[in-house]
Enquirer: 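Here it is: the structure, laid out below.
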Number of protein chains: 2
Amino acid sequence: MAESSRILNHIPRVHATAAPESRPYEPICAVFRRYLHGQSLKFTPERAMILDAVLRKDSLFDAERLVDDLKALGHRVSRATAYRTLTHLQDAGIVKQVFLDNKQSYYEVVAGRQTHDYLICVATGKVIEFSSEKVRRLREEICREHGFEPLSHQLQIYGVSPEGRKKSE
Amino acid sequence: MAESSRILNHIPRVHATAAPESRPYEPICAVFRRYLHGQSLKFTPERAMILDAVLRKDSLFDAERLVDDLKALGHRVSRATAYRTLTHLQDAGIVKQVFLDNKQSYYEVVAGRQTHDYLICVATGKVIEFSSEKVRRLREEICREHGFEPLSHQLQIYGVSPEGRKKSE
DNA sequence: CTGATTGCAAACACTTTGCAGCAGA
DNA sequence: TCTGCTGCAAAGTGTTTGCAATCAG
C-alpha cells in the first residue's frame with residue numbers, strides 16, 4: 001500500500017490531539033491559561049483578546065482577518081503578536097492550521113468542536129465545510145495499517161459546485 | 001452535514017480530471033504537446049527537459065529539487081521557467097500541486113499513475129505516500145451528497161510514525 | 001515573420017525575527 | 001525583580017512578474 005517516501009523540508013506544526021489533561025466542559029480560556037502556565041508563558045491582555053476573537057469564528061479564517069476582527073472590536077494587536085499567539089493556540093490544541101493553497105495559512109478552532117474537511121469550488125472559490133464520521137473512521141483504519149498514531153488530518157476536495165457549474169456555462 | 005462556508009482569498013489551480021481526450025497508453029509527452037498546441041503555446045526545449053525531469057520523479061518533489069535535477073542532467077533552466085512550466089503541466093493534467101505545509105508547494109505526477117495521499121510524521125518529517133481505493137470511494141460519496149463534481153483531492157494525516165515514537169522516547 | 005518564451009532581477013505577499021522598551025507573576 | 005511579551009521594522013523565502021532579447025512554428 002505504501003509506495004515511497006521522502007523527508008519534508010519543513011515539518012508542519014500540528015495541534016495537539018486534544019488539550020492534554022482537559023476536563024470536559026472546561027472553558028477554553030482556562031485550557032489556554034493552564035497551557036501557558038505549564039510552559040512558563042504569560043497570560044497577557046493581547047493573548048486574551050486574540051483568544052476571544054478566535055473563539056468567535058465559526059469557520060475558516062486567516063491571520064489578516066483575525067487582526068481585522070480585533071481592530072473592529074477596538075483592539076490594536078500587531079500582526080507579529082497574532083502570528084505568535086496562533087502558534088501557541090495550536091500547541092495548546094485550540095486551533096488547527098489548514099493548508100488550502102500556496103499563498104497563506106488558514107486556521108480553524110478545534111477545541112470543543114468537530115474538526116472539518118473541505119469542499120472547494122474552483123469556479124467560485126467557495127469553501128464548504130463538512131464534518132464526516134466516515135472520514136474519521138477511515139483515518140483510523142489507515143493509521144492502524146501503518147502503525148501511525150494520528151494527531152490531525154486535512155482533507156480537501158477540489159471540484160465544481162452546482163453554482164460554479166451554472167456560472168461557467 | 002455542511003455547516004458553513006466562506007470564499008477563499010486565492011483559488012488554487014487544480015489539475016484537470018484527466019487529460020481531456022487522452023488515449024490510453026499515449027506517451028505523456030504527446031499529451032503535453034497536444035495540450036500546448038491546443039492553447040497556441042509552444043513546445044520548447046526547456047519544456048521538454050522539464051517534462052522529462054518531472055516524469056523521472058516517483059514521489060513528491062518541489063520546484064527547487066526539479067531545477068537541481070535538471071542541473072545535474074546538465075540542463076540550465078531558470079526557476080521562473082520551471083514554475084511557469086509546472087503550471088502548464090498542471091493545466092494539462094500531468095502533475096498535481098500538493099499543500100503539505102505553509103512554506104512551499106510540492107508536486108506529484110498524476111498522468112498515468114495513481115494519485116497518492118500522505119501520512120506525515122511530525123517527529124521525523126518523513127512522508128509515507130499511499131494510494132487507497134477507500135479514500136477514492138469516500139470522495140465520490142461525499143461529492144454526490146453535495147452535488148459536487150470532483151476534480152482532485154488532497155488527504156494528509158499528520159501523526160507519529162513507529163520510528164518517530166522510538167526517537168521521542 | 002510574429003507572437004510566445006526565456007532568463008534575469010525586481011517585485012510580491014505572507015510570515016518570521018531582532019531589538020528596545022514594557023509588564024505579568 | 002526577573003522573564004517573558006509587544007510593536008515595529010527589517011529580514012526571510014517561495015513564487016510571480018516586467019522586460020528585452022530570442023526562438024518556435
Side-chain angles (χ1 to χ4, degrees), chain A residues 8-13 29-30 32-51 53 60-68 70-71 74-92 95 97-107, chain B residues 8-13 29 32-51 53 60-68 70-71 75-92 95 97-107:
Chain A
L8 225 54
N9 301 352
H10 312 278
I11 300 181
R13 179 177 300 270
C29 180
F32 193 36
R33 296 186 82 128
R34 193 146 43 76
Y35 166 79
L36 291 172
H37 187 74
Q39 302 286 318
S40 308
L41 302 175
K42 291 169 181 174
F43 186 75
T44 65
E46 288 80 5
R47 287 179 182 169
M49 294 179 325
I50 291 170
L51 175 59
L60 227 43
F61 62 93
D62 56 41
E64 167 105 14
R65 194 161 294 218
L66 181 61
V67 173
D68 287 350
L70 284 162
K71 202 173 294 171
H75 304 311
R76 226 177 297 0
V77 175
S78 70
R79 259 191 234 306
T81 297
Y83 279 110
R84 286 188 278 232
T85 303
L86 282 168
T87 302
H88 291 310
L89 288 172
Q90 251 187 108
D91 291 346
V95 307
Q97 195 171 22
V98 186
F99 312 120
L100 299 185
D101 58 43
N102 68 345
K103 301 295 181 189
Q104 61 181 149
S105 292
Y106 298 84
Y107 299 87
Chain B
L8 225 54
N9 301 352
H10 311 278
I11 300 183
R13 181 178 297 271
C29 181
F32 192 37
R33 297 186 82 128
R34 193 146 42 76
Y35 166 79
L36 290 174
H37 187 74
Q39 303 286 317
S40 308
L41 301 175
K42 292 170 179 173
F43 185 75
T44 64
E46 290 79 5
R47 288 178 181 168
M49 293 181 324
I50 290 170
L51 175 59
L60 226 43
F61 63 93
D62 55 43
E64 165 106 15
R65 194 162 295 218
L66 181 61
V67 173
D68 286 350
L70 284 162
K71 200 173 297 170
H75 303 311
R76 227 175 296 357
V77 175
S78 70
R79 259 191 235 304
T81 298
Y83 279 109
R84 287 188 277 233
T85 303
L86 282 168
T87 301
H88 291 310
L89 289 171
Q90 252 186 107
D91 292 345
V95 307
Q97 195 171 21
V98 185
F99 312 120
L100 300 184
D101 58 45
N102 68 344
K103 302 295 180 188
Q104 61 179 147
S105 292
Y106 298 84
Y107 299 86

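Order of the sequence lines fixes the chain letters, A, B, ..., with proteins taken first and strands second; residue numbering starts at 1 for each chain.
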Enquirer: Could you check whether atom NE2 of His10(B) has more than 12 heavy atoms from other residues, nucleotides or ligands sitting under 6.0 Å from it?
Expert: yes
Enquirer: With a cut-off of less than 4.0 Å, is there a side-chain N or O of Thr44(B) near OP1 or OP2 of dA24(D)?
Expert: no
Enquirer: Please give, in whole Å, the distance from dT3(D) C1' to Gln39(A) CD?
Expert: 15 Å
Enquirer: One character per nucleotide, please: for nucleotides 10-19 of chain D, 5' to 3', B when the base has a protein heavy atom closer than 4.0 Å, S when only the sugar-phosphate does, - otherwise.
Expert: ----SBBBB-
Enquirer: Please work out which of the three classes, parallel, tilted or perpendicular, describes the rings of Phe32(B) and Phe43(B), given edges at 30° and 60°.
Expert: perpendicular
Enquirer: It should be established whether Arg47(B) places a side-chain nitrogen or oxygen under 4.0 Å from OP1 or OP2 of nucleotide dT5(C).
Expert: yes
Enquirer: Just how far, in rounded Å, is C1' of dT5(C) from CG of Leu86(B)?
Expert: 16 Å
Enquirer: Quickly, which of Lys71(A), Arg79(A), Lys103(A) forms a salt bridge (Lys or Arg N to Asp or Glu O under 4.0 Å) with Glu64(A)? Name it, please.
Expert: Arg79(A)
Enquirer: Taking the side chain as every heavy atom from C-beta outward, state whether Asp91(A) and Tyr35(A) have any pair of such atoms under 4.5 Å apart.
Expert: yes
Enquirer: Rounded to the nearest angstrom, tell me the gap between atom CG in Leu41(A) and atom P in dA25(C).
Expert: 11 Å
Enquirer: Could you check how far NE2 of His88(B) sits from C1' of dT6(C), rounded to whole Å?
Expert: 12 Å
Enquirer: Taking N or O atoms only and anything under 3.5 Å, show me the protein contacts with nucleotides 20-23 of chain C, one pair per line.
Expert:
none

Enquirer: Can a side-chain donor-acceptor contact be found between Gln104(A) and Asn9(B) if the only test is distance below 3.5 angstrom?
Expert: yes
Enquirer: Does dT6(D) have its OP1 or OP2 closer than 4.0 Å to a side-chain nitrogen or oxygen of Ser78(A)?
Expert: no
Enquirer: Please give, in whole Å, the distance from dT6(D) C1' to His75(A) NE2?
Expert: 16 Å
Enquirer: Using a 4.5 Å cut-off on heavy atoms from C-beta on, say whether the side chain of Val67(A) contacts that of Val77(A).
Expert: no
Enquirer: Between Arg33(A) (CZ) and dA25(C) (C1'), how many Å, whole number?
Expert: 11 Å
Enquirer: Using whole Å, report how far CZ of Arg13(A) lies from C1' of dT15(C).
Expert: 13 Å
Enquirer: Can you check the Glu46(B) CD to dA21(D) C1' distance for me, whole Å?
Expert: 13 Å
Enquirer: Would one find a side-chain N or O of Ser40(B) under 4.0 angstrom from OP1 or OP2 of dG3(C)?
Expert: no
Enquirer: Establish, from distance only, whether the side-chain atoms of Gln97(A) and Ser105(A) form a donor-acceptor pair under 3.5 Å.
Expert: yes
